[in-house]
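Pasting in a structure now, in structure tokens, and then I'll have a few things to ask.
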Number of protein chains: 2
Amino acid sequence: MKNKPTMKEVAKAAGVSWPTVSYVFNNSRRVSDKTREHVLNTALELGYTPDIMARGLATSRSYTIGILFNEFNFSTSIPIIAAIEEAARSYNYRLVLALQGREPKEAMLDLQDLTARRMDGIIFVSSTDNLDPAIVEALGAARIPILLAYTSPPNLAMVDSVLPDHVQGGLIATRHLLSQGRRRLAFIGSDENNNATRKRVAGFLRAHEEMQVEYDPAMIVYGEYTAPSGREAARNLIASHRPDAIFAADDNIAVGALQACQAAGMKVPEDIAIVGFDNSALCDIILPTITSVAMPFDKIGRLCLERMIYRLQQPDDWKPEQTILPCSVVSRETS
Amino acid sequence: MKNKPTMKEVAKAAGVSWPTVSYVFNNSRRVSDKTREHVLNTALELGYTPDIMARGLATSRSYTIGILFNEFNFSTSIPIIAAIEEAARSYNYRLVLALQGREPKEAMLDLQDLTARRMDGIIFVSSTDNLDPAIVEALGAARIPILLAYTSPPNLAMVDSVLPDHVQGGLIATRHLLSQGRRRLAFIGSDENNNATRKRVAGFLRAHEEMQVEYDPAMIVYGEYTAPSGREAARNLIASHRPDAIFAADDNIAVGALQACQAAGMKVPEDIAIVGFDNSALCDIILPTITSVAMPFDKIGRLCLERMIYRLQQPDDWKPEQTILPCSVVSRETS
DNA sequence: CTGAAAGCGCTTACAG
DNA sequence: CTGAAAGCGCTTACAG
């Protein structure tokens with residue numbers, strides 16, 4: 001394995017001074033066209049490409065954003081990271097991935113490690129709207145721009161955040177069902193301490209108020225984000241309250257609910273409609289296909305990255321900001 | 001935002017020479033316990049942590065592995081990357097993620113960018129066993145250790161590779177069905193050019209030979225890795241050949257096949273058994289739950305990382321190696 | 001328009 | 001056991 005050529009070697013080969021090569025590659029000062037072309041050509045021949053880390057040492061810019069995330073979560077963190085990556089690519093930035101350790105202490109170390117690697121900034125991508133306090137504390141100590149994706153900090157003063165509007169998501173899902181003439185809606189969430197569930201149920205309630213439809217508090221039940229949990233909750237609801245529609249706080253719950261309806265001999269959507277949340281791949285695979293609320297992961301990711309870049313470019317023009325982006329209903333066969 | 005303290009400042013504050021701090025942090029030479037402790041304490045107070053990039057410049061080791069991948073694929077690349085990340089963490093390495101551009105030229109640039117960032121090595125995580133020739137060529141030109149995950153290069157001379165044994169996976173899936181007394185097995189794959197499908201069907205055939213059961217070539221059909229495709233293929237097979245078991249080359253196909261069986265009024269597994277491939281989350285969500293072949297992603301990821309580290313530590317003791325790891329059958333309700 | 005020099009934050013032989 | 005110096009590959013004022 002040959003070594004990578006350095007700037008010096010290129011300069012020598014091209015017969016120019018050493019910094020000239022730097023100037024050519026950075027367009028950082030006028031260089032005669034002839035020299036520029038000559039340098040570029042020799043660089044190409046030698047297979048030279050500037051060492052980004054050495055440049056980073058000199059400029060204290062690494063063109064790398066650290067992504068700290070707490071879970072390989074296919075329905076939230078991965079789609080957001082994918083969107084960040086795509087945006088980063090177009091700005092010629094790279095991502096360093098760091099999975100957050102389970103222990104609070106580890107989280108601190110992860111952050112330290114990231115800053116020790118000269119990240120220009122760090123985006124923390126949470127898979128849940130419930131932020132771990134240890135992380136908040138650790139983030140506060142970082143000396144570089146920090147941004148939160150999918151969740152917001154308890155104290156808005158420190159960092160930017162970009163997240164989906166769970167309340168509005170719950171609102172439009174419920175409106176969707178009510179506007180189809182459904183009147184006995186059930187809500188199945190995860191546990192009551194889950195912020196996303198809380199916001200989604202808030203939207204559920206608001207839609208009822210808005211359209212002046214009464215709801216039955218007994219039809220709002222909690223469990224966890226899994227199909228079996230949704231199955232059981234739906235089975236009980238069907239037996240006791242005969243809902244004509246179910247709004248599930250999550251697609252896994254929705255699948256479970258669908259299965260329970262079918263097992264109870266109910267036709268979907270004729271006898272009962274179902275709407276999920278996440279708009280995951282599941283929704284198209286299961287039959288009947290499942291109507292679901294889509295969160296704007298692409299926009300969240302892109303906005304996170306763009307805001308980060310802006311902050312890096314205009315370090316002075318900054319005050320913490322929280323952006324909440326709307327969801328949309330994707331209609332399929334269960335409603 | 002205060003700046004990060006440097007080694008110099010720590011040295012000053014601790015009243016020791018500048019390199020002494022370095023020696024303490026690297027354990028690279030004997031330092032008196034008193035000095036060591038004193039240095040460590042002041043470092044802690046100041047919040048000092050060594051700059052890994054500056055260290056990288058001096059040592060040409062960045063303790064960072066570049067991960068080049070071609071798709072955020074939830075059933076293959078992401079699980080492998082997750083396993084690599086976990087292993088990397090235990091070795092105090094970090095991962096830089098780079099999604100490979102669609103165009104061959106972009107792939108080259110991605111690789112260059114990774115080497116320009118002083119990655120110690122690069123692991124290419126493919127989501128398919130069909131390797132893009134442009135990538136192979138680009139990899140050949142890299143000047144650092146390269147390793148392929150999930151796929152192997154056409155020319156084994158250049159790089160290491162670690163991949164699952166698709167043939168053995170097909171073999172055990174088929175054995176599993178045959179040993180349950182099934183005798184009219186169908187195989188539904190993706191297209192015939194897909195290497196994974198080809199290997200899996202080879203295992204299907206071998207199992208039949210091994211157990212001296214005849215198979216009907218008309219029951220080996222191709223489509224794509226989606227539920228609708230599996231649905232249609234299964235519907236046709238059921239109408240024309242009445243299989244008593246279906247081995248699907250993919251879980252999505254398996255779900256489609258299951259749906260077709262149910263639509264045709266067949267009981268699963270009584271009338272017909274189904275085995276998928278990937279052991280994805282789907283298998284536990286769908287009812288009946290789906291028996292599937294699990295690929296050893298954890299082992300693949302860990303082995304990739306460990307081999308990479310070994311190569312970095314023992315650069316001389318290396319010849320290219322291909323490792324093929326066995327799959328296992330995870331029994332569920334469809335068989 | 002171009003060259004010579006200092007510095008980014010580290011490591012590591014070289015002396016003592 | 002510890003210090004002073006050179007170097008990793010770049011960038012960027014400072015001169016000319």
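Below, chains carry the letters A, B, ... as their sequence lines are ordered, and counting in each starts from 1.
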Locate the shortest heavy-atom distance separating B:P296 from B:L325; write the atom from each residue and the value.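 Closest pair (atom of B:P296, atom of B:L325, distance): CG-CB, 3.7 Å.
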Any A:S17 side-chain N or O less than 4.0 Å from OP1/OP2 of C:dA4: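 Result: no.
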Side-chain touch A:V16/A:V21, heavy atoms, less than 4.5 angstrom: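 Result yes, sub-4.5 Å side-chain heavy-atom pair found.
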Which heavy atom in B:R94 sits nearest to a heavy atom in A:L97, and how many Å separate them?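 For B:R94 versus A:L97, the nearest heavy atoms are CD-O, 4.0 Å.
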With a non-hydrogen cut-off below 4.0 angstrom, is A:R118 in contact with a base, only sugar-phosphate, or nothing?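 Sugar-phosphate only.
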With a 6.0 Å cut-off (strictly less than), is the heavy-atom count around CD of A:E37, excluding the residue itself, greater than 12?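 No.
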Using a 4.0 Å heavy-atom cut-off, write out nucleotides 10-16 of chain C from 5' to 3' as B (base contacted by protein), S (sugar-phosphate only) or - (no contact). BBBBB--
Please give, in whole Å, the distance from C:dT2 C1' to A:D33 CG?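 Atom-to-atom, A:D33 to C:dT2, this comes out as 15 Å.
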Axial cation check for B:Y63 ring with B:R61, 6.0 Å and 45° limits: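 Judged by the rule (NZ or CZ under 6.0 Å from the ring centre, within 45° of its axis), B:R61 counts as positioned above B:Y63.
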So what's D:dA4 paired with, Watson-Crick or G-U wobble, going by both distances under 3.5 Å?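 WC or wobble partner does not exist here.
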Report the base-pairing partner of C:dA13 (Watson-Crick or G-U wobble, both distances below 3.5 angstrom), or none.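 Partner of C:dA13: none.
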What pair of heavy atoms forms the shortest contact from A:S62 to A:D120, and how long is it?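 Minimum heavy-atom separation between A:S62 and A:D120: N-OD1, 2.8 Å.
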Using a cut-off of 4.0 Å on non-hydrogen atoms, how would the nucleic acid contact of B:S60 be classed: base, sugar-phosphate, or nothing?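 The answer is nothing, as B:S60 stays clear of every strand by at least 4.0 Å.
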